[in-house]
Each structure stands twice: as C-alpha cells, then as structure tokens.
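Only one structure is covered here, and it is reproduced in the block below.
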Amino acid sequence: LWARLFGYSELSLRSLSILFGTLTIPVFYLLAREFFAYRGAFLATGLVALSAYLNEMAGMIRMYPLLVLTTVASYYTFIRLIDTWSRQWQLLYFLSSLILVYTHVMGLTVVAAQTVQAFARLWRTRSSEEARTLLTTGFGLGIAFLPWMFIVVSQARKLAEKSQRPLPGFGEFYALQ
C-alpha cells in the first residue's frame with residue numbers, strides 16, 4: 001500500500017521506516033516521563049534519538065522500526081493502564097500490543113513480560129477489577145492473535161523439518177578467523 005501511494009524508489013520505500021523511527025522519539029519521551037522528571041526524560045530521549053543503532057535501523061526497509069515503535073508504545077500504554085485502569089488505556093494497550101505481536105512474533109516476549117509484571121502487581125493488590133481488566137485484555141489479544149498463530153506454527157514445523165547444520169563450537173569459531 002505504501003509503495004503504491006508513494007512509489008517504488010529507494011527513498012519512498014525507506015520513508016515509512018524513517019517515519020516509524022521518528023515517531024519512536026516522542027513516544028519514548030512519554031514513556032520516559034513515567035519514570036523520570038523532565039531532565040531525565042529529555043536526556044533519555046536524546047540518547048534514543050542519537051542512537052546509531054536505532055538510526056541505522058530506521059533506514060532499513062524492514063519491520064524493525066515498527067517493532068521498536070510498537071514496543072515503546074505498548075510499554076507506555078501498559079504503564080498508563082496499570083496506573084489508571086481506564087477503558088481508554090485498556091483499548092490503547094490492546095491495540096499497540098496487537099500491532100506489536102503482528103509486526104514480529106518476538107513481540108510476544110514483550111507482552112509476556114508485561115503479563116508477569118501485571119500478575120506480580122495483582123498478587124500485591126488482589127483487586128478483582130484489575131484482574132478482570134487484565135484478563136479481558138489478555139483474552140482479547142489471544143483471540144486476535146489466533147489467526148496468526150496458525151502461520152507461526154506452520155513456519156516452525158517447516159523450520160524443524162529442514163536439516164540444519166549444527167552451530168559451530170568454541171574451537172570452530174576461532175578456527176574461522
């Protein structure tokens with residue numbers, strides 16, 4: 001869709017990744033403000049903005065800039081959700097996490113870490129309202145991810161069927177140099 005709208009030139013194709021990389025900066029600032037005062041959040045955001053790795057990644061025609069953006073957005077909305085327990089933040093957390101897991105299957109590790117954090121909080125508070133909010137959000141994410149899960153399982157089976165050469169050991173690693 002992006003290429004149809006903006007063309008197939010290298011700059012046009014990279015511009016979507018650059019947009020996602022650029023959008024990461026203000027969203028990261030919002031996340032940093034949850035943990036630090038103005039100066040600390042500004043400094044942390046400056047480090048993200050000047051990160052050579054993130055800047056190089058933002059120029060790639062891959063999913064990685066969107067993965068970073070949705071990871072930061074998922075954590076920000078998660079923190080806001082457990083601070084307020086409002087329906088608005090529940091919906092925003094659901095959407096950002098759904099985009100995250102559909103962007104890359106490793107996004108599931110982010111959601112899993114957030115789930116562990118949420119249940120640790122529930123262990124302390126024992127709030128039935130918080131539990132209901134987290135369970136409905138998690139159930140919704142599970143149902144929404146279900147169609148993609150069939151593809152993930154299919155790809156894992158194909159990968160397991162391929163004969164793979166074992167990874168080199170310690171001795172072989174230094175012999176290659």
Side-chain angles (χ1 to χ4, degrees), residues 1-2 5 15-49 51 53-55 57-58 60 62-156:
L1 179 65
W2 185 265
L5 292 173
S15 62
L16 182 61
S17 293
I18 293 168
L19 176 65
F20 291 146
T22 304
L23 288 174
T24 299
I25 297 167
V27 176
F28 183 84
Y29 176 77
L30 293 173
L31 177 62
R33 283 291 288 156
E34 293 296 316
F35 298 103
F36 305 112
Y38 172 78
R39 273 190 176 162
F42 191 75
L43 176 64
T45 304
L47 291 173
V48 167
S51 168
Y53 179 73
L54 292 176
N55 284 322
M57 194 180 356
M60 294 181 180
R62 303 283 302 206
M63 85 308 246
Y64 300 118
L66 180 59
L67 181 66
V68 173
L69 173 62
T70 54
T71 298
V72 172
S74 178
Y75 263 106
Y76 174 67
T77 56
F78 174 73
I79 296 297
R80 297 298 303 146
L81 173 62
I82 63 174
D83 280 347
T84 65
W85 298 106
S86 74
R87 293 275 186 220
Q88 172 192 358
W89 289 111
Q90 183 183 14
L91 177 63
L92 290 172
Y93 172 68
F94 172 81
L95 292 174
S96 62
S97 297
L98 185 63
I99 295 168
L100 172 63
V101 297
Y102 267 96
T103 298
H104 197 287
V105 72
M106 290 305 290
L108 290 172
T109 61
V110 173
V111 174
Q114 293 166 344
T115 302
V116 168
Q117 183 181 358
F119 279 109
R121 178 188 168 99
L122 281 177
W123 185 262
R124 273 193 334 263
T125 64
R126 301 190 189 275
S127 167
S128 60
E129 181 184 335
E130 292 176 10
R132 187 173 33 259
T133 300
L134 291 172
L135 289 174
T136 57
T137 306
F139 185 72
L141 279 172
I143 294 297
F145 187 69
L146 197 57
W148 190 245
M149 186 54 82
F150 293 114
I151 294 169
V152 170
V153 169
S154 170
Q155 289 178 344

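Note that the structure is a prediction, hence the values are computed from the model and not measured. Positions are given from 1, in the same order as the sequence printed here.
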Completion exercise
Nearest heavy-atom contact between R33 and A37 is NH1-C, 3.1 Å

Practice task
Enter the distance from L95:CG to T70:OG1 here, rounded to the nearest 0.5 Å.
Solution key: 12.0 Å

Exercise for the section: Could you give me the CA-CA distance, side-chain angles and deciding distance for F36 and L43, then say whether side-chain contact (heavy atoms from CB on, under 4.5 Å) is met? Expected result: CA-CA 10 Å; F36 305 112; L43 176 64; over 6 Å; no

Practice task
Ignoring hydrogens and angles, tell me if any N or O in the side chain of T103 forms a donor-acceptor pair with the backbone of I99 under 3.5 Å.
Solution key: yes

Fill in the blank from the handout: Between the CG atom in L100 and the CG atom in L108, the distance rounded to the nearest 0.5 Å is 8.0 Å

Exercise for the section: Side-chain contact test, heavy atoms from C-beta onward, threshold under 4.5 Å: evaluate it for Q117 versus I82 and give yes or no. Expected result: yes

Problem - Flag, side chain of S17 to backbone of M60, donor-acceptor distance under 3.5 Å - result: yes

Problem - M63, CE: over 12 other non-hydrogen atoms inside 6.0 angstrom - result: yes

Problem - R126 charged N/C atom sitting above W123 aromatic ring, 6.0 Å / 45° - result: yes

Problem - Reported CG-to-CE distance for the pair L66 and M57, which is rounded to 0.5 angstrom - result: 11.5 Å

Handout entry: Heavy-atom donor-acceptor pair, Q90 side chain to T133 backbone, under 3.5 Å
Key = yes

Fill in the blank from the handout: Exactly one candidate in F28, Y29, Y93, W89 meets ring pair (Phe, Tyr, Trp, His ring centres under 6.0 Å) with Y76; the answer is W89

Handout entry: Parallel, tilted or perpendicular, as decided by the 30° and 60° cut-offs, for the rings of Y75 and F78
Key = perpendicular

Handout entry: Geometric class of the W148/Y102 ring pair [parallel <30°, tilted 30-60°, perpendicular >60°]
Key = tilted

Exercise for the section: In sequence, state the C-alpha distance, the side-chain angles, and the governing distance for R121 and L134, and then conclude on side-chain contact (heavy atoms from CB on, under 4.5 Å). Expected result: CA-CA 11 Å; R121 178 188 168 99; L134 291 172; over 6 Å; no

Problem - Minimum-distance pair of heavy atoms, taken over all atoms of Q114 and S74 - result: NE2-OG, 3.1 Å

Problem - Residue pair L30, R80: steps toward the side-chain contact (heavy atoms from CB on, under 4.5 Å) verdict - result: CA-CA 10 Å; L30 293 173; R80 297 298 303 146; over 6 Å; no

Handout entry: Closest heavy-atom pair and its distance - A49, N55
Key = O-ND2, 3.1 Å

Exercise for the section: State the CG-CD1 distance between L23 and I18, to the nearest 0.5 angstrom. Expected result: 12.0 Å

Completion exercise
Between the CZ atom in F20 and the CG atom in L69, the distance rounded to the nearest 0.5 Å is 7.0 Å

Problem - Close side-chain approach of V153 to M149, heavy-atom, < 4.5 Å - result: yes

Handout entry: Considering all heavy atoms, the nearest V111-S97 contact
Key = CG2-CB, 4.1 Å

Handout entry: Where A44 and A32 come nearest, the two heavy atoms and their spacing
Key = CB-CB, 4.4 Å

Practice task
Could you tell me whether a side-chain N or O of S51 sits under 3.5 Å from a main-chain N or O of L47, the two making a donor and an acceptor?
Solution key: no

Exercise for the section: Grab the two heavy atoms, one from L141 and one from L98, that are nearest each other, plus how far apart they are. Expected result: CD2-N, 3.7 Å

